[in-house]
Amino acid sequence: MQFLIETLINSAMASAASALVVVGLALIFGVMRIENFAHGELYMVGAYAAWYFGTSLGGGYAVGFVAAVMVTAMIGVFMEVFLFRRLKENPMGPLIVTIGVLLVLQTAAAWLFGVNSNLLVDSPFAGAASIAGINVPWHRLFVIGAAIVLLGGLTVLLRTTKFGWALRAVAQDKDAARLQGISIGAISLLAMALSAGLAGAAGALMAPIVRISPYMGQPIIITAFIVIILGGIGSLEGAILAAIIYSTFFTFISAYFDSTVASIAGLCLMLLVLVVKPSGLMGKAQKV
Amino acid sequence: MSVLSLKGVTKKFGGLTAVNDVNLEVRAGTIHGLIGPNGAGKTTLFSLITGFYTPTTGTVHLDGEEVTSTSTSHRARKGLVRTFQGTVLFPDQTVAQNIANGMLATASGSWRDWFSESQAYAKNRDHEVEKLLQFARLTDLRNAAARDLSHGQQRVLGIAIALAAKPRVLLLDEPFTGMTASEKDRLVEMLQAIRQSGTTVVLVEHDMRTVMKLCDVITVLNFGKVLTEGTPEHVRRHPEVMSAYLGTAA
Amino acid sequence: MTSNKKAGFGFAIIAIAAAAIVPLVAGDYYVSFSTEIAIMILMLSSYRMVVLTGEWSFAHVVLQGVGAYTAAIMVKDWGAPFPVSLVAGAVVAAAVAAVLSFPLLKMRGFYFLMGTFGAAEAIRLLWRKFKYFGGTRGFSGISAPYLEVGPITIDFGHPASFFYLALAIVVVCLLVIWSMEQSRLGQIWRTIEQQDVLAQAVGIDTRRYRRIAFIISAAFAGIAGVLLAYAFGSVTPNRFNLNFALYLMIWAIVGGTRSFYGVILGGIILMGFDESLRFADELRPGIYGIILILVMLFWPRGIERLVGLDKLFAPKAALPDSGSLAASTKGDAR
Amino acid sequence: MTNSINMTRRQALLAAAAGTSLLAMPGVLRAETKTVKVGALVPLTGDLSLWGLPAKNGADVWASRVNKAGGIKVAGEQYNVEVVSFDGAYIAEKTLQGARAFQDQDVKFTMIIGGDDWSALQDFSNRNKMLTATLYVSDLNPDSTYLIAPVEAHPFYFGLGVEYLRKVEPNIKTVSLCAQDDVTGRSSLAYWRAGFDAHGFEIVNDQYFDNATTDFAPVVSAMLAGKPEAVCIDTTYPSVALLLVEQLFTQGYKGRILHAGFELLPDMVKRTSKEFMEGSIAFFPRFDDQTIAQAATGFSDPSGFYNEYNAAHPNEWNNTSWEFPAALEVWKQGVEAAGSFDADKVLESMKATPPKHIFGEAKWWGKDLFGIDNALLGNWPIVVVKDGKVEIAEVGDQAAWYEAHKDKVEARFREEDLMPDQRR
Amino acid sequence: MIELRNLAVHYGRVAAVHDVSLTFEHGINCIIGSNGAGKSTLMRAISGLVRPSSGSILFEGEPIENLSAKAIVERGIAHVPEGRHVFPELTVDENLKIGAYLRRDSAAVKRDYDKICSVFPRLAERRKQFANTLSGGEQQMLAIGRAIMAAPKLVLMDEPSMGLSPVMVGAMAEVIKSINAEGKSVLLVEQNANVALSLSSDAAVLEQGRISLRGKAADMKDDEHVRVAYIGV
């Protein structure tokens with residue numbers, strides 16, 4: 001029973017973290033039709049930034065968090081302005097370039113901070129809540145809460161602001177969006193900043209509880225793509241739903257079996273969904 | 001003798017009924033027109049006939065054989081070949097290759113063709129392509145890339161590709177759109193020649209003048225239903241056709 | 001035969017001859033690297049068959065792994081000679097691809113890409129999981145073939161001998177792949193890639209021919225896997241992970257998939273770059289990444305365009321740009 | 001001497017420029033006079049560079065110290081030692097190519113991390129008599145003639161650890177274990193199990209986690225579900241061990257923790273508490289410990305080495321940092337005794353007179369379990385956390401422990417298909 | 001109000017519109033023509049979605065052919081595209097509000113919003129629904145409402161009657177008239193000639209990308225030539 005509850009809480013946190021990463025990826029795919037393979041590295045940069053500004057420079061966790069969002073958002077803007085915008089000619093171009101960015105960011109992190117990473121980010125919420133014999137670290141509850149706040153904020157942003165409408169409009173119908181006077185370039189730029197910033201936020205949130213390494217983005221991006229496919233590419237609601245389903249599924253199987261079995265089962269779940277509904281849980285049906 | 005028949009075909013998209021209980025019989029050796037105002041369901045019906053959509057209810061028969069839920073390619077091999085609105089071609093390939101592509105699936109061949117082309121196949125293909133180039137009056141353009149042709153030439157090439165698949169029923173989706181008057185006249189001649197050769201033609205078309213001139217039978221659709229069907233003369237005189245097509249004056 | 005084709009054959013013969021003198025002038029290190037390149041060329045050329053039908057796959061590397069594992073099991077459990085392993089590797093890889101093709105080919109575009117990743121990664125994890133496949137350690141000690149015909153004995157354990165063996169097999173495979181591309185089958189693939197609705201309209205069963213491409217390309221990937229297993233004597237599950245699938249895709253795109261030689265050129269140039277960057281030690285991946293970005297920014301349509309020979313090997317007409325992945329995902333998201 | 005770069009750079013540039021390689025003739029590359037090359041064939045990029053880089057750096061520091069002291073003396077001649085390196089990336093063909101590159105450069109002694117690396121090299125090593133040192137004793141097999149395990153006989157010291165645990169905690173019964181799902185994890189967990197079998201513990205939870213795992217809460221929850229009185233987190237990566245320890249702490253575990261290294265002990269203490277870590281058991285002494293010189297008798301001036309390393313590579317120290325140097329110490333003894341760099345002669349001489357191991361006298365061993373006596377098995381220290389720092393508690397005899405419990409080890413190894421006759 | 005001078009538009013090498021010169025004054029005007037005649041292309045050129053290959057477009061005397069779509073919206077041209085192109089997964093409310101994307105005068109926006117809700121009570125009822133749940137006619141109303149939200153001086157309407165029932169077509173005509181009554185000009189592009197001509201003051205017939213006929217709508221309506229040329233009966 002206790003184990004079950006612990007596993008449920010762990011699932012909730014895993015869901016929260018992966019939802020934050022995946023939403024950004026889905027967002028950028030929806031608006032720009034780019035599969036950003038470097039998204040996991042933005043998460044990694046977020047964790048490093050949280051360490052560098054928060055711990056190394058001594059700014060504290062809050063400063064580290066803000067810095068993580070800002071640094072990753074700036075990298076996102078850079079990618080849009082200097083790379084994606086110049087790559088209209090070959091539709092596969094952005095994909096290759098994101099892999100290039102991935103390699104550069106990994107190498108830069110390894111070079112700047114070393115591979116033998118023992119970087120520690122201290123959570124402002126040390127210790128654990130103890131309820132009925134179950135210990136739940138405060139920071140994990142904080143991650144869940146922060147993810148709900150961030151995703152809620154994102155929903156509010158997308159539903160109630162002009163920017164949000166414009167962003168969704170661009171994702172749904174580019175020409176019609178232009179006819180409303182929406183600048184696709186400006187929206188792409190902001191979407192990229194938002195997407196990258198969310199990844200950075202996720203990195204900063206997870207920094208105190210995961211191991212920070214230059215390669216920490218790799219398993220994340222694989223999970224993220226599985227989740228995106230599960231949810232149906234381009235659908236934010238689908239992405240969040242799928243993040244919760246997948247992470248819970250994965251956490252339970254790794255708790256009750258082991259994580260290799262969980263990986264295999266997760267992949268089979270994705271394949272199963274694709275076979276039954278080739279456009280993902282909430283994707284639009286398409287003709288083959 | 002109907003070569004193509006639709007029985008009680010209905011297609012719904014979500015709550016919207018695009019095609020509503022349509023019955024259609026196409027007699028062999030005729031040119032059968034399918035007209036109606038924009039949004040009347042012509043294109044949906046066309047897609048149902050060619051297998052791009054499967055009807056919600058109802059059946060489609062080709063030569064008496066039911067093909068309701070078979071694939072487009074299956075129907076094409078059975079002799080039901082369509083063309084497209086706009087210019088759906090193999091744009092980077094030459095005109096001659098475009099036509100040759102039309103016979104890739106339907107010409108006979110063996111697994112040996114997977115590794116090299118047999119002399120016989122190549123010879124037969126070149127012969128057929130030559131005939132079609134002449135027929136479509138594209139001989140001089142045989143080595144031009146399809147994307148460089150004029151709009152009218154592209155439409156004709158689309159038909160030539162379809163003919164290369166040796167159809168018994170040729171479905172044309174708005175073939176006259178965007179053609180000059182002289183191009184239209186030439187295409188009318190072509191279609192008449194196609195009918196002469198025994199191929200049935202079904203066409204969806206907006207250009208009433210040409211449809212009236214060309215078709216043996218015309219079916220008029222409005223709001224997804226058959227409004228009326230008959231000879232051009234019948235359709236022309238039908239009062240509801242006029243109001244449907246011209247719109248009601250406000 | 002057109003003059004272009006003649007020139008193409010000329011180039012091919014020069015290239016093969018150049019490859020053949022590598023062991024005469026270079027040390028084992030370079031010979032072994034050349035073997036690696038030869039195997040990768042076979043991978044790329046067979047990968048291009050799938051690309052010709054308008055899809056990008058992440059499963060190709062794992063299908064190579066199927067070939068390699070088959071060879072390892074044939075050698076370890078059955079003591080099979082090299083030719084038997086070679087055939088078995090191709091057949092088993094093709095069979096696995098045939099099974100996978102049923103669920104996978106229902107998908108298109110990015111869904112297909114991720115579907116292939118899912119299936120491939122699941123297979124790879126099964127290798128890790130099951131002791132029959134050697135678990136996380138895989139197989140080792142797959143000894144190179146040894147040929148003894150009368151007085152002549154050739155030990156293919158010498159890098160140079162094995163290089164010639166691999167080169168010969170790869171050249172034969174490339175010839176087969178090339179002639180398939182020229183054949184009616186190749187023309188059908190090309191129609192599917194260029195305009196698959198029109199292909200269907202004239203009677204081409206696009207799913208069937210995509211499946212054929214997937215299966216045949218898997219057979220060649222299997223052969224490449226067998227060569228890999230023998231060349232390096234060991235098979236480990238990590239060798240077939242996503243990174244390698246990504247690299248395969250990168251090489252193909254950077255080289256350009258319009259022409260037969262584009263992917264080959266991409267593979268040789270990028271692998272050469274990677275190897276020549278060794279002086280940079282741990283900075284190597286970053287420099288490689290910068291090169292990728294620069295190549296895509298300045299020659300977005302691949303190296304084949306840069307060389308300007310792209311019509312040479314392209315049968316009859318140039319192909320459209322590689323890029324159906326992003327193009328088809330556009331439709332998907334609607 | 002950090003000359004790892006030069007050779008490969010020269011090669012690479014020439015190769016890139018010329019397109020063909022006329023330079024593979026070893027003569028051109030062979031160093032001018034009296035320099036002997038040793039090679040570090042390790043992952044320098046990717047996830048496992050975590051082990052490879054500190055190992056390579058350690059070898060560099062060792063070489064510079066030895067050269068400063070006059071180099072090594074073989075057959076009456078003084079040689080400087082030069083370390084070359086190659087990024088094997090933990091991929092078979094790259095590793096094998098690294099071996100070929102080393103051969104072209106006339107490298108006399110190759111050091112690898114081991115595990116996945118070795119399988120690609122064995123055939124090559126036998127053909128070319130490539131004397132190689134591994135950190136994974138489990139790489140040894142009847143055909144690995146030129147492979148030695150001269151330093152760490154991982155996981156053989158774990159038996160001593162369990163014995164020590166039993167001695168200090170006579171009443172506890174239950175234990176949970178975990179390890180990452182790879183060769184290291186599987187072979188060491190098998191040995192741990194044998195140890196716990198031998199000393200009367202009950203294993204209540206026992207699991208492998210995927211290498212890509214980033215969140216260890218589920219792993220720890222599962223381990224603690226059986227209410228263990230001791231927890232063993234095996235040879236997990238330093239940062240993984242840190243996260244595991246932190247999770248153990250937050251999930252309310254109280255008891256001893258066993259790990260191979262506790263590399264990040266200061267951080268562990270920071271994240272948990274001194275009291276929590278007190279009494280935890282590991283197997284790698286600190287090099288800044290005053291007592292290290294007494295224990296590591298086979299290593300010249302361990303503290304000096306440690307200081308020099310830290311000056312050159314701040315914050316990059318881990319246990320592999322001294323293991324390559326320790327292997328080089330063994331090799332140095334071997335070549336000096338043999339009076340030759342020839343692999344056969346060095347092996348023969350080393351076998352005849354076992355060199356001194358880092359922790360003192362040792363003997364060649366391994367026939368029982370690996371079919372070949374190529375592991376230099378000697379004493380090994382058990383360290384215990386006291387007041388936030390590890391201290392050497394005692395030094396045990398690995399071979400003796402094994403001899404006493406070999407049936408249990410064999411049973412557990414067989415279970416994981418690790419016995420020589422079970423290799424694929 | 002709007003003037004086209006020798007306008008030509010190409011898609012690739014294929015010309016969709018050749019050398020079109022036209023002038024329309026304030027009020028409701030129309031361009032009629034069959035499918036594929038180039039009507040939509042002409043509209044897209046005016047609203048900046050495609051760049052003309054030659055010629056110029058003047059709006060209130062100023063050239064706008066090189067302006068961005070955004071700048072053209074700012075000048076006061078709103079475009080109701082063929083096939084409505086409402087944003088399917090935005091609510092009706094959001095679809096309308098995004099029409100006022102560039103406007104900063106929130107009080108006036110609110111007024112326009114309320115106005116549209118009163119003109120289209122069906123939309124007001126469905127304010128919280130996604131646009132893709134609306135019927136074709138409702139979507140058309142929404143597309144028009146969205147255009148009005150931009151407070152345009154000129155509304156381009158591409159086939160507003162397409163797919164609508166006769167009753168809805170009648171309602172549409174009323175809406176168009178009421179838009180004009182508020183002082184906005186409307187340029188209609190229609191295949192449904194009767195509706196278009198009865199609403200318009202001036203009209204032009206476009207055939208194969210060229211203007212084949214030009215004149216007062218009232219004259220054209222009864223012109224047998226138009227009927228034969230355009231409809232073929």
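Numbered from 1 within each chain, the chains take letters A, B, ... in sequence-line order. Here the structure is a predicted model, which means the values were calculated and not measured. Basis for what follows: all heavy atoms, side chains included, without hydrogens, waters or symmetry-related copies.
Ranked by heavy-atom pairs under 4.5 Å with chain C, the first of Asn98(B), Leu80(B), Thr72(B) is Thr72(B). Per-residue counts of heavy-atom pairs under 4.5 Å with chain C were compared for Thr50(B), Leu89(B), Thr83(B); the largest is that of Leu89(B). Most heavy-atom pairs under 4.5 Å with chain B: of the set Leu185(C), Ile216(C), Ile188(C), this distinction falls to Leu185(C).
Heavy atoms closer than 4.5 Å to chain C are found in both the backbone and the side chain of Ile161(B). Neither the backbone nor the side chain of Ile177(C) comes within less than 4.5 Å of any heavy atom in chain B. With a threshold of 4.5 angstrom between heavy atoms, Pro167(B) does not approach chain C through any atom at all.
Ion pairing between a basic and an acidic side chain is recognised when a charged N comes within 4.0 Å of a carboxylate O; Asp196(C) and Arg108(C) show such pairing.
In this structure, His60(C) and Tyr47(C) have tilted ring planes: the angle between them lies in the 30° to 60° band.
Judged by a 6.0 Å distance limit and a 45° cone about the ring axis, Lys42(B) is not positioned over the six-membered ring of Phe46(B).
Among residues two or more places apart in sequence or in another chain, the side chain to side chain donor-acceptor pair (under 3.5 Å) test is passed with Glu66(B) by Thr68(B). Taking the side chain to side chain donor-acceptor pair (under 3.5 Å) definition, one finds that Thr59(B) meets it with His61(B), sequence neighbours left out.
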